[in-house]
> 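Starting off with a structure, shown below.
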Amino acid sequence: MQINSNAIRRYDIGLIATTLIAVFAFIIVIVNLSPVAESAPRYSQLKYLKNEKGNDYNFNNIAQVPASEWSTISAPVNLGMDGDVQWFSLVIAPTQSDESRFILHIDYPLLDTLDVGVFQLTGSKPTALYSAGDGQSLSERPILHAKPLFPLPNSAESQRVFIKVETSGTVRLPIRIWEEKEFIVYTSSRNVALGIFFGILIAMGISNAFLTVTARKLSFLFYSGYVFSLALTLITLHGYGFAYLWKDNIWFQSKAVVVFANATIMFASLFTRSLLPVREHSTKLDRISKGISWVCGASIIVGMAVPYYVMIKLFLVLLSLIVIFTLGLGLWLATRGVVVARYFSVAWGFLLVSGLTASLDNVNLIQLPIGSNNLLIVGGAVETIILALILAISYSHSRDDLIEAQQFALDQEMQANIAKENLLEVQKRYQDDLEYKVEERTLELEITLRELSEVNQELERLNAIDPLTGVYNRRHFDKRLRSEGRRSRREQTPLSLILMDIDHFKNINDTYGHDGGDACLIHIAQLFQKHIHRPTDDVCRIGGEEFAIILPNTDLSGAYHVAQTIREALEGAPLNYEGQNIDLTASAGVSSTIIENEDHAQLLLRHADALLYEAKAGGRNNVKYKTLQEYI
């Protein structure tokens, strides 16, 4: 295929102009994606502590760790790939106003476990505890957002925040403290910028999918697959996939980056083979290009079974090799007179270099002045636009060949060009209309889903509460017991259960009536709740006068202490009802074990119930306690 020199110069000018415009436009987008620097940071004394083996740090004892064991670290934190538990400490400035609270923002959603505890500077126990990370359900986050957000309690004094991180990927911790109003403004501009970017990618992917049918060229199909895979990769890296597309699918979230990143490289390799005349110049290089697509396709399947930390390391090695090979292939073809290869090398270089640079930043081999995810957006956007120009150039080349071969039908060709222009105009109008409808429907869907989520949460809360006492009911108890049983089995931590029954409650009902009995139940539930201090512990009413207390990560002696304390407190706190004191006592059965299978939790319940009956048979107003192993 011969191309005249005037056409080459026009294409060169178009390439340079498009590249400069794209770079400038997406730098503006990045400015909107990045927060404006503060005149003074709202936190200080950022320190780091690695939870070495043998150290059992938790939020109950982390404040007692000597300052000498902490290491000062600069922001933004990037520790590379480290599967150990990491602790971070920082001091938050006092709240300036009661009208706007502070929000702790971790601008990196790919952390498996992210726990936050807020302490007073002189306190040893947390005033607030939060959990986030894509290793747990999105609904368990304190603020339902694609990125981890944590509301900080208002305080006229500085507060210390401890952050616990554990992940199979890169340990990154871009920390920012926002005022709530300030964060809303920032999120608004960020969402507009991301919406423009992803809207362009989706529109280009859809339009090229249509061109596959109309032009009957696989290049458009591979390009469309590449654009959608790139969009899904970036959506995953920004946390929107876990928040909206595969919501709460923790298993797939752990695989999504590997799947979509490999799919992006696979389609890019297929697109390269269909766009460049590799086979005409070297069958060996063509087989290597084809092999790359097969390797990436196989990596997608293997990535479903192999752990993330293994696959991401293999992908980074693969990506490095592909960068060198693909850029070298493009430059080699350019030296052999393939004009399109010059433009291809420039376009492909933007994405591969930005992707490789971002990958090296993720494993902490280099430090970037901007976020690696934002760098990928710039590289991907510029590369996508230039590839679209290359497709237009390639298509233009084919059209020129057709014109040269059919000079005798010049009139017919002119009519075909007019029809083509009309088709492109109709397509553009359809594309604009489609973008508007997609954006409109997406907004409606987001509003509907948000409203539905709020209603479901309220219904779930009401269905789990006992209407008389205000504590959790039997339905919540059964669900929580199964959940904590699975956690005990997974983490190999003890789970304890207390069953308490009010002594001689029938006599109370007979003497004081059901209103008096209800008043006693309310009094007892309030007393039980007063003596339960950990947010992970639950008090549930599971029968008429029977209560259950679930104590995760608590051994038998600790559970016995809680049961005995509550029993003594109830014995010493009679209820004054209509001028008469009603003496109240309770019997309790306490059982504890490390759950080993699905049926173990129910066995724990039956054991605690048996111990409760022993306590009643032994004269009431006492506590019987044993481990489940003694029962088995």
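Throughout, numbering of the chain's residues begins at 1 and tracks the sequence.
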> Please lay out, stage by stage, how L481 and Q602 fare under the test side-chain contact (heavy atoms from CB on, under 4.5 Å).
CA-CA 8 Å; L481 183 61; Q602 288 300 316; 4.2 Å; yes

> Using 30° and 60° as the class limits, which term best fits the ring planes of F260 and W246: parallel, tilted or perpendicular?
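Geometry flag for W246 against F260: tilted rings.
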
> Between I62 and L49, does a side-chain contact (heavy atoms from CB on, under 4.5 Å) hold up when you go through it step by step?
CA-CA 10 Å; I62 191 66; L49 173 65; 4.1 Å; yes

> Within a reach of under 6.0 Å around NZ of K506, are more than 12 heavy atoms found that belong to other residues, nucleotides or ligands?
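It does not: K506 NZ has 12 such atoms or fewer within range.
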
> Start with the C-alpha gap between T95 and R101, add the side-chain angles, then the distance that decides, and say whether side chain to side chain donor-acceptor pair (under 3.5 Å) holds.
CA-CA 7 Å; T95 306; R101 62 177 176 177; over 6 Å; no

> As a test of understanding, state which of H476, R480, R475, R474 forms a side-chain hydrogen bond (donor to acceptor under 3.5 Å, both in side chains) with D478.
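Among H476, R480, R475, R474, the one meeting side-chain hydrogen bond (donor to acceptor under 3.5 Å, both in side chains) with D478 is R474.
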
> Which atoms form the tightest heavy-atom contact between H561 and T565, and what is the distance?
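Closest approach of H561 to T565, heavy atoms only: O-OG1, 2.7 Å.
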
> Is it true that, when you exclude E157 itself, more than 12 heavy atoms of the residues, nucleotides or ligands shown sit nearer than 6.0 Å to its CD?
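No, because the 6.0 Å sphere around CD of E157 holds 12 heavy atoms or fewer from other groups.
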
> Does the side chain of D503 come under 3.5 Å of the side chain of S587 through a donor N or O and an acceptor N or O?
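Yes, a side-chain donor-acceptor pair sits under 3.5 Å.
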
> With under 30° as parallel and over 60° as perpendicular, where do the rings of F183 and H105 fit, or are they tilted in between?
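Ring orientation of F183 relative to H105: perpendicular.
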
> Is the shortest side-chain heavy-atom distance between Q529 and V471 below 4.5 Å?
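Heavy-atom side-chain distance check passes, below 4.5 Å.
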
> Is the number of heavy atoms from other residues, nucleotides or ligands under 6.0 Å of E439 CD greater than 12?
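No, the 6.0 Å shell around CD holds no more than 12 heavy atoms from other groups.
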
> What residue among W70, F150, W87 forms ring-ring contact (aromatic ring centres under 6.0 Å, His included) with F162?
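It is W70; the other options fail the test.
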
> Quiz question: by atom type and distance under 3.5 Å, do the side chains of R487 and T493 form a donor-acceptor pair?
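No, no side-chain donor-acceptor pair sits under 3.5 Å.
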
> Grab the two heavy atoms, one from R141 and one from A146, that are nearest each other, plus how far apart they are.
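Closest approach of R141 to A146, heavy atoms only: NH1-O, 3.3 Å.
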
> For Y308, is the OH atom crowded, meaning more than 12 foreign heavy atoms sit under 6.0 Å from it?
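Yes.
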
> Mind listing the closest non-hydrogen atom pair of S131 and P142 along with its distance?
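The answer is O-CD, 3.3 Å.
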
> Got a salt bridge between E446 and R450, using NZ or NE/NH1/NH2 to carboxylate O under 4.0 Å?
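Answer for the salt bridge query: no.
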
> Determine the interplanar angle of the Y48 and F88 rings, folded into 0 to 90°, and report it as parallel if under 30°, tilted if 30 to 60°, perpendicular if over 60°.
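Ring orientation of Y48 relative to F88: tilted.
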
> Hey, could you give me the CZ/CG distance between R42 and L104, rounded to the nearest 0.5 Å?
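It is 12.0 Å, given to the nearest 0.5 Å.
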
> Sequence neighbours excluded, which residues qualify as salt bridge (charged side-chain N to carboxylate O under 4.0 Å, His left out) partners of D583?
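Expected list: none.
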
> Closer than 4.0 angstrom, basic N to acidic O: yes or no for E598 and R486?
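A salt bridge links E598 with R486.
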
> Does K255 have more than 12 heavy atoms from other residues, nucleotides or ligands lying within 6.0 Å of its NZ?
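Enclosed: over 12 neighbouring heavy atoms sit under 6.0 Å from NZ of K255.
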
